[in-house]
Colleague: 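Before we start, here is the structure in question, set down as structure tokens.
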Amino acid sequence: ISQPVPLGAALADGRVSHEGQEALIRILSGYRKILDQYGVVRVRAVATSALRDTDNREILLDRIRQATGFRVEVIDEVEEMRLLLRVVSVPPKGIHLLMKLGAGTIEILELQRGLVAQFLNYRMGTRRIVEMTSGLGGPGEVRRALARLARKAAQEIRRTIRLQNATSLSAVGDDVRRIAKIVAKK
């Protein structure tokens, strides 16, 4: 089962909004019901950058525990990528890039013959981009700012990851799915 929780959109001033908290608890309560129906007793619930970066994280985690019984573990970027590697099919030969685009970060693993060669955590996810451009004027100013951000990110990525040698790429994350839907419509 998969249900994206758009916490990036529910963040206001570094905090998960009340509406975002309610949506998350509703989704996790639904998961709890399904898990109980199947008799699942052992669950590892994890949270990533959206909760890592919030000021009201502890309050939200307590609300989740009280409402669902889940003790959500806030994991770092390295653990997040380790878990991703367990579920993403990586070619055994060549150089494979695994990219996760999230609300707070872009994380890229360079894998050579299935082993991690490089890891990059670039603190510019979709929520951060919206925050950086929200006070700007018209569309032209936003486009120019986005182009500058993209160039800066590309330079940083190129310094760390050997993109030209990659033989394959996997991109994951809720925002990647949203972008894919938009591109597919065009």
Side-chain angles (χ1 to χ4, degrees), residues 1-12 14-92 96-128 160-161 168-181:
I1 55 177
S2 176
Q3 170 95 31
V5 181
L7 283 184
L11 289 170
R15 302 173 63 81
V16 178
S17 68
H18 182 72
E19 295 79 20
Q21 290 182 35
E22 292 300 316
L24 178 57
I25 290 169
R26 220 176 10 262
I27 290 166
L28 292 175
S29 294
Y31 281 165
R32 170 52 68 198
K33 287 177 187 168
I34 293 168
L35 293 168
D36 288 347
Q37 288 172 351
Y38 283 95
V40 176
V41 293
R42 189 168 163 228
V43 174
R44 182 180 185 198
V46 299
T48 59
S49 67
L51 280 186
R52 270 195 304 268
D53 300 339
T54 59
D55 296 334
N56 60 340
R57 173 180 65 204
E58 295 305 320
I59 293 167
L60 177 54
L61 293 175
D62 190 51
R63 287 191 67 204
I64 291 168
R65 186 184 50 73
Q66 289 177 13
T68 67
F70 291 134
R71 293 186 181 278
V72 178
E73 173 188 358
V74 181
I75 60 174
D76 64 20
E77 297 89 349
V78 174
E79 176 66 1
E80 183 178 355
M81 293 305 280
R82 187 188 73 75
L83 292 174
L84 270 176
L85 277 174
R86 293 177 67 185
V87 297
V88 173
S89 177
V90 176
H96 182 76
L97 301 179
L98 173 58
M99 179 184 80
K100 183 200 170 265
L101 175 60
T105 58
I106 299 170
E107 293 147 1
I108 302 174
L109 273 180
E110 178 185 329
L111 301 148
Q112 294 182 14
R113 293 188 245 21
L115 301 174
V116 176
Q118 297 283 340
F119 173 70
L120 173 68
N121 176 15
Y122 192 72
R123 297 187 62 77
M124 187 198 327
T126 53
R127 174 180 43 86
R128 291 183 201 281
T160 307
I161 306 292
S168 58
L169 165 74
S170 297
V172 297
D174 296 332
D175 293 321
V176 170
R177 284 190 279 278
R178 280 195 274 287
I179 291 167
K181 285 180 184 176

Colleague: Please round to the nearest 0.5 Å and tell me the distance separating atom CG of L84 and atom CE of M99.
Modeller: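 L84 CG to M99 CE: 11.5 Å, rounded to 0.5 Å.
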Colleague: Not counting sequence neighbours, which residues clear side chain to side chain contact (heavy atoms under 4.5 Å, CB included) with R42? List them please.
Modeller: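 None.
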Colleague: Is the number of heavy atoms from other residues, nucleotides or ligands under 6.0 Å of R71 CZ greater than 12?
Modeller: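 Counting neighbours around CZ of R71, 12 or fewer heavy atoms of other residues, nucleotides or ligands fall under 6.0 Å, so no.
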Colleague: Evaluate L111 against L85 for side chain to side chain contact (heavy atoms under 4.5 Å, CB included), listing each step before the verdict.
Modeller: CA-CA 10 Å; L111 301 148; L85 277 174; 3.7 Å; yes
Colleague: Using 0.5 Å steps for rounding, measure from the CG atom of L109 to the CZ atom of R82.
Modeller: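 Between L109 CG and R82 CZ, I get 12.0 Å after rounding to 0.5 Å.
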Colleague: Looking at every heavy atom in both E107 and N121, which two are closest together, and how far apart are they?
Modeller: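 What the structure gives for the nearest pair is CG-OD1, 3.7 Å.
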Colleague: Enter the distance from K100:NZ to I106:CD1 here, rounded to the nearest 0.5 Å.
Modeller: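 CD1 of I106 is found 10.0 Å from NZ of K100.
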Colleague: Say whether, by atom type as modelled, one donor and one acceptor occur between the side chain of D55 and the main chain of R15 under 3.5 angstrom.
Modeller: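 Flag not set: sc D55 to bb R15 has no pair under 3.5 Å.
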Colleague: Under 4.0 Å between a Lys/Arg side-chain N and an Asp/Glu carboxylate O for R52 and E77?
Modeller: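 Yes, charged N to carboxylate O under 4.0 Å.
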Colleague: Evaluate the side chain to side chain contact (heavy atoms under 4.5 Å, CB included) criterion for residues V172 and V88: first the C-alpha distance (whole Å), next the side-chain angles of each, then the deciding distance (0.1 Å), finally the verdict.
Modeller: CA-CA 9 Å; V172 297; V88 173; 4.2 Å; yes
Colleague: What's the shortest heavy-atom distance between P91 and S168, and which atoms?
Modeller: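 Closest approach of P91 to S168, heavy atoms only: CG-OG, 3.5 Å.
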Colleague: Could you grab the distance from atom OG of S29 to atom CG of L24, nearest 0.5 Å is fine?
Modeller: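 Going from the OG atom of S29 to the CG atom of L24 covers 9.0 Å.
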Colleague: Tabulate below the donor-acceptor pairs under 3.5 Å that side-chain atoms of residues 59-70 make, not counting sequence neighbours, or state none.
Modeller:
{"residue": "D62", "atom": "OD1", "partner": "R65", "partner atom": "NH2", "Å": "2.6"}
{"residue": "D62", "atom": "OD2", "partner": "Q66", "partner atom": "NE2", "Å": "3.0"}
{"residue": "R63", "atom": "NH1", "partner": "Q21", "partner atom": "OE1", "Å": "2.7"}
{"residue": "R63", "atom": "NH1", "partner": "E22", "partner atom": "OE2", "Å": "3.4"}
{"residue": "R63", "atom": "NH2", "partner": "E22", "partner atom": "OE2", "Å": "2.4"}
{"residue": "T68", "atom": "OG1", "partner": "I64", "partner atom": "O", "Å": "2.7"}
{"residue": "T68", "atom": "OG1", "partner": "F70", "partner atom": "N", "Å": "3.0"}

Colleague: Quick one: do R44 and E79 make a salt bridge, cutoff under 4.0 Å?
Modeller: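 Looking at E79 together with R44, the answer is yes, because their closest N to O distance falls below 4.0 Å.
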Colleague: Please round to the nearest 0.5 Å and tell me the distance separating atom OG1 of T48 and atom CE of M81.
Modeller: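 It comes to 11.5 Å.
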